[in-house]
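To start, the structure under review is shown below, and the notes come after it.
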There are 2 protein chains.
Amino acid sequence: MSPKKAATGPSVPGAVWLRQRPPRRGQHGLTRERIAAEVVSQLDHGGPAGLNLRSIAAALDVHPTTLYWHVSARDDLLDFAVDAVFAELPLPTRPADDWIEDVRAFMHNLRAALLAHPWSGALASSRPLLGPEALARSEFVYAALARAGFTGDELTASAAAVSNLVIGSVAAETSWQHGDESPARRAVHEHLRANAETYPAMAELSTESGHWGAQFSYSADLLLAGLAQKAPINVTSHGATTQAPQIM
Amino acid sequence: MSPKKAATGPSVPGAVWLRQRPPRRGQHGLTRERIAAEVVSQLDHGGPAGLNLRSIAAALDVHPTTLYWHVSARDDLLDFAVDAVFAELPLPTRPADDWIEDVRAFMHNLRAALLAHPWSGALASSRPLLGPEALARSEFVYAALARAGFTGDELTASAAAVSNLVIGSVAAETSWQHGDESPARRAVHEHLRANAETYPAMAELSTESGHWGAQFSYSADLLLAGLAQKAPINVTSHGATTQAPQIM
DNA sequence: ACCTGAACACCGTTCAAGT
DNA sequence: ACCTGAACACCGTTCAAGT
């Protein structure tokens with residue numbers, strides 16, 4: 001049985017991070033970090049469907065059941081893996097002059113990190129992101145948006161919108177990538193054309209859609225435009241700041 | 001073996017919809033609709049983790065392996081279930097005067113439908129949404145955004161932003177709902193406070209966060225503000241329209 | 001065309017026991 | 001405190017056979 005399991009109540013997702021960390025360096029020197037790295041590597045190879053405790057344990061040279069000393073369930077391993085992906089996100093040591101550039105960079109960096117591990121988008125969207133690496137990135141976004149003058153619930157909602165749009169977009173994008181993407185896209189396109197009466201607007205385009213990257217960029221710009229407009233503090237192009245009252 | 005499996009190539013996710021539909025009414029009258037309804041009902045009870053082919057088959061009064069005539073894998077069942085949830089989304093028979101009200105209503109309606117089946121947000125974010133019901137809703141959003149003057153890749157990106165923000169937000173929201181939510185929130189809050197030096201901006205708030213609904217509403221408004229600003233055709237409050245050139 | 005029935009390989013998790 | 005070892009219950013999927 002894993003230590004301090006009852007500390008946060010019954011099986012809250014993401015709860016590994018809230019439990020006490022088991023002491024390091026046992027006989028095999030099995031640590032969260034080594035486990036996490038192995039899980040990431042196996043997910044990179046076979047995706048979530050291919051992940052199983054037995055092969056992880058084998059790679060770490062322990063018995064399958066040994067893992068249960070470090071985690072309370074398979075799901076905790078996925079929490080480790082997702083946080084490890086967040087660790088790859090570059091974190092600027094000091095903020096940019098314009099808060100919006102920090103937010104924009106965060107969005108693009110987060111997308112890049114998640115895309116580097118195609119399984120991570122879907123996982124990140126389906127669990128609370130409470131690992132230390134994820135929290136540090138959230139803190140960065142909160143700080144940037146706080147400089148824009150957002151406070152309280154508006155600050156929370158703005159930060160959530162930023163993360164959710166990115167994670168949602170990457171999850172959608174990677175959901176196409178299980179096999180070859182082009183035959184799937186072509187099949188969908190044909191399907192829409194064949195039913196052009198039911199889907200007139202969609203049948204019209206999608207002929208040769210642009211790249212995922214450009215479309216994400218435009219999606220992000222839409223949200224950034226909204227943030228800039230609703231920000232209580234606006235930075236003019238000359239660096240002067242103006243205050244505007246704002247109601248939620 | 002399921003019919004026409006090779007039609008769209010090797011195991012593309014969401015590919016059930018692109019395969020030919022097996023003829024209806026066999027000996028047991030097993031149809032996609034009956035299967036889908038049963039899957040939704042079982043997911044509502046036990047979530048994705050509790051879903052298994054044997055109990056679905058039992059409820060439909062067939063042998064477990066019979067399902068493989070109608071689907072090629074367990075995953076296809078989830079595609080059925082997600083599309084069934086989209087079917088609950090009200091689809092206006094005629095568009096509103098203002099396109100933005102159509103988009104706003106869509107966002108709130110989609111959230112409501114997904115929240116009614118807490119498992120559906122995570123599933124919707126992790127697979128292409130190619131079912132007939134989902135496509136019909138996408139068409140509605142495309143049509144609304146086309147009235148705003150969006151075309152081509154900008155239209156695609158705008159529509160994607162709308163869906164991805166909603167689905168991403170609901171997935172995040174429901175990821176907290178596995179057990180009781182309040183103890184988890186409290187634990188996170190304590191954790192942030194305890195590490196206030198590392199998370200100054202986040203430690204400051206989160207004391208008593210507002211409701212999910214209000215925060216989603218604000219998130220949606222941020223994106224809607226961006227859409228309104230970037231829309232090639234702007235509707236003034238008096239109903240007059242103006243055109244503005246726009247570059248992606 | 002649709003469904004049955006038996007069988008296979010696998011996998012998360014438990015629990016008591018070791019050191 | 002950390003790891004072993006055996007064992008359990010379950011589950012997706014296959015394939016050949018029925019009607």
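Just so we're on the same page: letters track the sequence lines, and every chain starts at 1. Hydrogens, waters and symmetry mates are skipped; everything else that's a heavy atom, side chains included, is used.
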Report, as a single string ordered 5' to 3', how protein heavy atoms within less than 4.0 Å touch nucleotides 5-12 of chain D: B base, S sugar-phosphate only, - not at all.
BB----BB
Could you tell me whether the side chain of B/Phe86 reaches within less than 4.5 Å of the side chain of B/Leu110, counting heavy atoms only?
yes
For atom CH2 of B/Trp69 and atom P of D/dG18, their distance in whole Å
17 Å
Between A/Thr66 (side chain only) and A/Val62 (backbone N and O only), is there a donor and an acceptor less than 3.5 Å apart?
no
Min side-chain heavy-atom separation B/Asn109-B/Leu91 under 4.5 Å:
no
Under 3.5 Å, is there a donor-acceptor pair between the side chain of A/Ser169 and the main chain of A/Leu165?
yes
Dot-bracket for DNA chain D, 5' to 3', counting Watson-Crick or G-U wobble pairs under 3.5 Å, with [ ] for crossing pairs and | for inter-strand pairs?
||.|||||...|||||.||
A/Asp61 CG to D/dC2 P, straight-line distance once rounded to whole Å:
18 Å
Can you pull out every salt bridge (Lys or Arg N to Asp or Glu O under 4.0 Å) where at least one residue sits in residues 123-136 of chain A? Sequence neighbours excluded, please.
A/Asp75-A/Arg127, A/Asp79-A/Arg127, A/Glu133-A/Arg137
Quiz question: by atom type and distance under 3.5 Å, do the side chains of A/Arg193 and A/His189 form a donor-acceptor pair?
yes
A/Arg186 to A/Trp176, cation-pi by 6.0 Å centre distance and 45° axis angle:
no
Is the ring pair B/His191/B/Tyr199 parallel, tilted or perpendicular, if the boundaries are 30 and 60 degrees?
tilted
